[in-house]
J.: 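Let me give you the structure first, and then I'll get to my questions.
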2 protein chains.
Amino acid sequence: MRKGLDREKVLQTAIQLVDQLGMEKVTLALLAKELGVRPPSLYNHFRGLQEIRKEIALHTLRELEEMLLRSLIGKAGEEAIREFCHVYYEYSQKHPGLYQAAIIVYEDRQIQQAGDRIVGLLLELLRPFGMEETQCIHIIRGLRSLIHGFSMLKQQGAFGLDVQTDESFSFAVDLYLAGALKKANPKE
Amino acid sequence: MRKGLDREKVLQTAIQLVDQLGMEKVTLALLAKELGVRPPSLYNHFRGLQEIRKEIALHTLRELEEMLLRSLIGKAGEEAIREFCHVYYEYSQKHPGLYQAAIIVYEDRQIQQAGDRIVGLLLELLRPFGMEETQCIHIIRGLRSLIHGFSMLKQQGAFGLDVQTDESFSFAVDLYLAGALKKANPKE
DNA sequence: TGCTAAAACTAATCTTATTAGTATAATAGC
DNA sequence: GCTATTATACTAATAAGATTAGTTTTAGCA
């Protein structure tokens, strides 16, 4: 019963399942069932579940980076940074399963690099402000923490339902950016 | 072979193991071994692994709240908020396993309440500044996201090793607070 | 057409959580 | 002090999952 599976098909199905059901629910058993195949067959294409998860994370980080890049076309300065924040946040809300998959620790060089590329975008956006290297790093770490933390907490339902959370996000980003950019470039 | 186990002893051992090894590594099998007992025996004291995990989370949230309360004695205003942030951050760094356990989603009323009490502390600290309710909520959500996000990213080793991360944390908190408190109370 | 290698399979192992049912020791009531 | 009860630990078994070993099958190519 040759199914004509390959790495790509397995991965696409896995991505789709994780997007729909979340990381924890996606087992080799379920994935195999979905592909009409027995679990051990998947080992012909992947070393095991960990590798599949790593690939999902990689895919997600790359997709996110591409969306960010696309959204930043023709934008600069504070507007660009704000856009970055919102696109990132929206992605995490639209794809909670994939986002979760992407932020688990993997101790993997490729994952690390994919993450670094996204952080690197922020660095580029901040460059024109002409701040000191060290200050830049501080600012980016904080901004990243803010976005990431908010995304996680929102996803977990940690915020009550009463006040608009999207508004809170914009508000918080504005606060942080106001402080950061004023400190860095008092002229503007 | 009566071992004289009880809920408390099991929980203490579980907490210790999670603190040392991290959540994922602590299985009923390991916990039972550590207690010199067979896994099913644990069901005399807990409904199952989920309940043990929930209790660990609860313990952690309470311990964190107590540390925060203790550290806030005699402090007020901006200083108190800053102290809150640092105590929270330090706890997450000293007890990564427990912190992880505490922030997993449990869909549990008690957990929710314990978390709310910690957030409530921030609300108290912000009250004297006399801001609007809605603005307060926005500010707290952002601050919480910043602390939480930074704690997680630091723990995951997401930040490079070059620049002092503790310094980054203080820097970011300062930025955020500067923006937040200025916006709220221009006189200060 | 027949060979080779990839891709599927079955069977089995190991680990984990969990349930059912049993034995025993502590304890409460007499 | 004895007995009845109950809590606590046990063994045995089930179920789900990841993974490995070894086998069969089939597609593609010489």
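Every chain is numbered from 1 and lettered A, B, ... according to where its sequence line falls, protein lines coming before strand lines.
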J.: Would you say the side chain of A:Arg53 lies within less than 4.5 Å of the side chain of A:Gln50, judging by non-hydrogen atoms?
T.: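 Contact flag for A:Gln50/A:Arg53 side chains = yes.
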J.: Of the candidate nucleotides D:dT19, D:dA9, C:dA17, which contains the atom at the shortest distance from the side chain of A:Leu49?
T.: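 Closest of the options to the side chain of A:Leu49: D:dT19.
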J.: Tell me whether B:Ile104 is reachable from B:Phe46 by hopping between hydrophobic residues (I, L, V, M, F, W, Y) whose side-chain heavy atoms are closer than 4.5 Å.
T.: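 Yes, B:Phe46 connects to B:Ile104 through the hydrophobic network.
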J.: Is it possible for you to say whether A:Val87 and A:Leu69 belong to one hydrophobic cluster, with membership spreading through side-chain heavy-atom contacts below 4.5 Å?
T.: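 Result: yes, single cluster for both.
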J.: Whole angstroms only, please: what is the CZ-C1' distance between B:Phe46 and C:dT18?
T.: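 Spelled out: CZ on B:Phe46 to C1' on C:dT18 is 16 Å.
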J.: Does B:His138 have its ring centroid less than 6.0 Å away from the ring centroid of A:Phe169?
T.: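 Judged by ring-centre distance (under 6.0 Å), B:His138 and A:Phe169 do not meet the cut-off.
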J.: Does a side-chain N or O from A:His45 land closer than 4.0 Å to OP1 or OP2 of C:dA6, or not?
T.: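 No, outside the criterion.
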J.: In whole Å, I'd like the distance from the NZ atom of A:Lys25 to the P atom of D:dG17.
T.: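 The answer, rounded to whole Å, is 12 Å.
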J.: Is there a residue in residues 35-43 of chain B whose heavy atoms reach under 4.0 Å of DNA chain D, and which residues are they?
T.: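 Correct list: B:Val37, B:Arg38, B:Pro40, B:Ser41.
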J.: Are A:Phe150 and A:Tyr89 an aromatic pair, judged by ring center distance below 6.0 Å?
T.: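 Under 6.0 Å, so yes.
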J.: Would you say A:Leu143 and A:Ile81 make side-chain contact, with heavy atoms under 4.5 Å?
T.: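 Of all side-chain heavy-atom pairs linking A:Ile81 with A:Leu143, at least one is under 4.5 Å.
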J.: Can you tell me the distance, in whole Å, between the CG atom of A:Leu31 and the C1' atom of D:dA16?
T.: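 Taking atom C1' of D:dA16 as the reference, CG of A:Leu31 is at 16 Å.
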J.: Grab the CG-C1' distance between B:Leu28 and C:dT18 for me, whole Å please.
T.: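 Those two atoms, CG and C1', are 9 Å apart.
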J.: What integer distance in Å separates B:Lys33:NZ from C:dT16:C1'?
T.: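 It is 14 Å, rounded to the nearest whole Å.
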J.: Do B:Tyr88 and B:Tyr99 have ring centres separated by under 6.0 Å?
T.: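 They qualify: ring centres under 6.0 Å apart.
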J.: Please confirm whether any donor atom in the side chain of B:Asn44 sits under 3.5 Å from an acceptor in the base of D:dA7, or the reverse.
T.: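 No.
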J.: Distance check needed: C:dA17 P versus B:Met23 CE, whole Å only.
T.: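 Value for this atom pair: 12 Å.
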J.: Check the distance between D:dA18's C1' and A:Gln50's CD and give it to me in whole angstrom.
T.: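 A:Gln50 atom CD is separated from D:dA18 atom C1' by 10 Å.
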J.: Give the rounded distance in Å between these two atoms: CZ of B:Arg7 and C1' of D:dA7.
T.: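 That distance rounds to 15 Å.
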